[in-house]
Peer 1: 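Following this message is one structure expressed as structure tokens.
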Amino acid sequence: MVSETGNPGIVVAIDGSPDSNEAIRWAAREATMRKVALTLAHAAAPSPGGAPVLEWTGESAPAEFREQLGRSVERILADAAKIVESTTDEDSRPRVNNEVITDAPVPALVELSTKADMVVVGSRGHGALERVLLGSVSTGLVHHAHCPVAVIRNEPSPREGCVLVGVDGSPVSELATAIAFDEASWRGAELVALYAWTDAELPDIPMREWTGTTRTSWTALQSEAEETLAERLAGYRQRCPDVVVRREVVVNRPAQHLVEGSESAQLVVVGSHGRGGFAGMLLGSVSTAVVHAVRTPVIVARPR
């Protein structure tokens, strides 16, 4: 268990599903890179009658059910520990905590996120339909967590390639940029910063036709956008001078460009909502599209 005063470090939600197991592998490597603890958080399954687990784990719960639940929890935690051991080296392995959740998983994980450095979750867990892109737990966390959330799919996480980040100048985009620089530095990877002038879904036609600009003014607009991106990255480049940065400026459709760029990336980082979102927005259109479409690991930067 995680103590009330202890920092859980990287929290990974586990349930024994394939996506969850891949999330454990990714989270174990992430905790190792960051040199922080790893917390394996398991939400016990609902009871056969549909009552909350907490009501079924007391003295009134059938003994057979309590024993079965206990064995299931022990097995899932033991299997998760084996995955951590096989993923990490003994000398650098992070300290591992176990957290058994006997209440609704999303509120409990959201509460853990108030102290965690990051929450990692498989895109789908047990009970998710095959056609569902994100399960209820992953959806709840990317909307409500108080720290960055990494969404991992049941595919071997690429160890090569760039770290790709979407930049738009919003406060949450600044957080995403900071996370992306740190991740690129830890991984020794190139950072690709993609900046779109607009989030609009404009047609694929020559740009001067829809902007009404001349060739000269179009060049000036492009140069201005490139300067804006360079300015937004300057401070982070000073903080992480070891990171090689490639800037990419596009006109529109940032989600499409991020999805396409993810094909050669080992990690994609986006803000939870961007310049088009308002303060109370939980998840913007660009981040929603990226989380649902990208196959590589995605970190959604969520402010505390």
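Owing to the predicted nature of the structure, the values given are computational and were not obtained by experimental measurement.
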Peer 1: Are the charged groups of Arg25 and Glu22 less than 4.0 angstrom apart, N to O?
Peer 2: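 Yes, Arg25 and Glu22 are salt-bridged.
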
Peer 1: Which distance, rounded to the nearest 0.5 Å, do you find between the CZ of Arg29 and the CZ of Arg34?
Peer 2: 14.0 Å

Peer 1: Rounded to the nearest 0.5 Å, how far apart are NE2 of His143 and OG of Ser287?
Peer 2: 8.0 Å

Peer 1: I want to check something: taking the side chain as every heavy atom from C-beta on, are Pro254 and Asp168 in contact at a cut-off of under 4.5 Å?
Peer 2: no

Peer 1: Could you check if a side-chain atom of Ile299 sits within less than 4.5 angstrom of a side-chain atom of Met118, using non-hydrogen atoms only?
Peer 2: yes

Peer 1: By side chain to side chain donor-acceptor pair (under 3.5 Å), which residues pair with Asp182, not counting sequence neighbours?
Peer 2: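 If we apply the side chain to side chain donor-acceptor pair (under 3.5 Å) test to Asp182, skipping adjacent residues, the hits are Arg239.
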
Peer 1: Does any donor atom in the side chain of Asp19 or Ser17 lie under 3.5 Å from an acceptor atom in the other side chain?
Peer 2: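 Side chains of Asp19 and Ser17: no pair found under 3.5 Å.
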
Peer 1: Where is the tightest heavy-atom contact between Val172 and Ala301, given as atom of each residue plus distance?
Peer 2: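 Heavy atoms only, the tightest pair is CG1-O, 3.2 Å.
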
Peer 1: Short question: side chain of Ser86, backbone of Lys82 - any donor-acceptor pair under 3.5 Å?
Peer 2: yes

Peer 1: Applying side chain to side chain donor-acceptor pair (under 3.5 Å), name anything that partners Glu190, two or more places apart in sequence or on another chain.
Peer 2: Arg246

Peer 1: Tell me, do Arg247 and Leu233 make a side-chain contact under 4.5 Å, heavy atoms counted?
Peer 2: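 Arg247 reaches Leu233 side chain to side chain.
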
Peer 1: Hey, does Leu112 have a side-chain heavy atom less than 4.5 Å from the side chain of Val119?
Peer 2: no

Peer 1: Specify the closest pair of heavy atoms between Ser138 and Gly122, including all atoms of both residues, with the distance to one decimal.
Peer 2: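 Reported closest heavy-atom pair: CB-O, 3.5 Å.
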
Peer 1: I'd like to check Val12 versus Val121 (side-chain heavy atoms, cut-off strictly below 4.5 Å). Are they in contact?
Peer 2: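 They are not in contact (no side-chain heavy atoms under 4.5 Å apart), so the answer is no.
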
Peer 1: Checking the side chain of Tyr236 only, and the main-chain atoms of Glu174 only, is there a donor and an acceptor separated by less than 3.5 Å?
Peer 2: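 It does hold such a pair.
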
Peer 1: Please identify each residue that fulfils side chain to side chain donor-acceptor pair (under 3.5 Å) with Glu155, with sequence neighbours left out.
Peer 2: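 With sequence neighbours excluded, Glu155 shows a side chain to side chain donor-acceptor pair (under 3.5 Å) to Arg295, given in chain and number order.
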
Peer 1: Between Leu109 and Ile101, is a side chain to side chain contact (heavy atoms under 4.5 Å, CB included) present by the stated rule, with each step listed?
Peer 2: CA-CA 8 Å; Leu109 288 167; Ile101 297 169; 3.9 Å; yes

Peer 1: Which heavy atom of Val73 sits nearest a heavy atom of Val100, and at what distance?
Peer 2: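 Distance-wise, the nearest heavy atoms are CG1-CG2, 3.8 Å.
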
Peer 1: Could you state the interatomic distance from CG (Asp79) to CD (Glu74), rounded to the nearest 0.5 Å?
Peer 2: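 Answer for the CG-CD pair, Asp79 versus Glu74, is 11.5 Å.
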
Peer 1: Given side chains that start at C-beta, do those of Met33 and Glu183 come closer than 4.5 Å, heavy atoms only?
Peer 2: yes

Peer 1: Check whether any side-chain heavy atom of Ile152 sits under 4.5 Å from a side-chain heavy atom of Val120, and report yes or no.
Peer 2: yes

Peer 1: Just how far is it from atom CZ of Arg159 to atom CD of Gln266, taken to the nearest 0.5 Å?
Peer 2: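 With rounding to 0.5 Å, CZ (Arg159) is 8.5 Å from CD (Gln266).
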
Peer 1: If you compare all heavy atoms of Ala27 against all heavy atoms of Ile10, which two are closest, and at what distance to 0.1 Å?
Peer 2: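 What the structure gives for the nearest pair is CB-CG2, 4.0 Å.
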
Peer 1: Which distance, rounded to the nearest 0.5 Å, do you find between the CG of Asn98 and the CG of Leu40?
Peer 2: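 Answer rounded to 0.5 Å: 5.5 Å.
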
Peer 1: Are the side chains of Glu248 and Val192 in touch, meaning some heavy atoms are under 4.5 Å apart?
Peer 2: yes

Peer 1: Taking Ser170 for the side chain and Ser173 for the main chain, is one N or O donor matched with an acceptor at less than 3.5 Å?
Peer 2: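 Confirmed, Ser170 side chain pairs with Ser173 backbone.
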
Peer 1: Test side chain to side chain contact (heavy atoms under 4.5 Å, CB included) on Val110 and His146 and set out the steps.
Peer 2: CA-CA 7 Å; Val110 168; His146 299 287; 3.7 Å; yes

Peer 1: Membership question, hydrophobic clusters at under 4.5 Å side-chain separation (ILVMFWY): are Val298 and Trp186 in the same one?
Peer 2: no

Peer 1: With side chain to side chain contact (heavy atoms under 4.5 Å, CB included) as the criterion, how do Arg153 and Val294 come out once you've worked through the C-alpha distance, each side chain's angles and the decisive distance to 0.1 Å?
Peer 2: CA-CA 9 Å; Arg153 297 190 185 276; Val294 167; 5.9 Å; no

Peer 1: More than 12 heavy atoms of other residues, nucleotides or ligands under 6.0 Å from CZ of Arg304: is that the case?
Peer 2: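 Yes - once you tally the heavy atoms of other residues, nucleotides and ligands closer than 6.0 Å, there are more than 12.
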
Peer 1: Closest heavy-atom contact between Ser272 and Val300?
Peer 2: CA-CG1, 3.7 Å

Peer 1: Are any side-chain N or O atoms of Arg95 and backbone N or O atoms of Ala37, one a donor and one an acceptor, separated by less than 3.5 Å?
Peer 2: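 It does not hold such a pair.
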
Peer 1: Please assess Leu194 against Val165 for the test side chain to side chain contact (heavy atoms under 4.5 Å, CB included), listing each intermediate value before the final yes or no.
Peer 2: CA-CA 6 Å; Leu194 187 142; Val165 60; over 6 Å; no

Peer 1: Between Val167 and Tyr195, which heavy-atom pair has the shortest distance, and what is it?
Peer 2: O-CD1, 3.2 Å

Peer 1: Once rounded to the nearest 0.5 Å, what's the spacing between atom CG of Asp117 and atom CD1 of Ile179?
Peer 2: 10.5 Å

Peer 1: Within a 6.0 Å radius of atom CD on Glu260, are there more than 12 heavy atoms belonging to other residues, nucleotides or ligands?
Peer 2: yes

Peer 1: Is there a donor-acceptor pair closer than 3.5 Å between any side-chain N or O of Ser262 and the backbone N or O of Thr296?
Peer 2: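 Not at all, since once roles are kept as given, no pair shorter than 3.5 Å links the two residues.
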
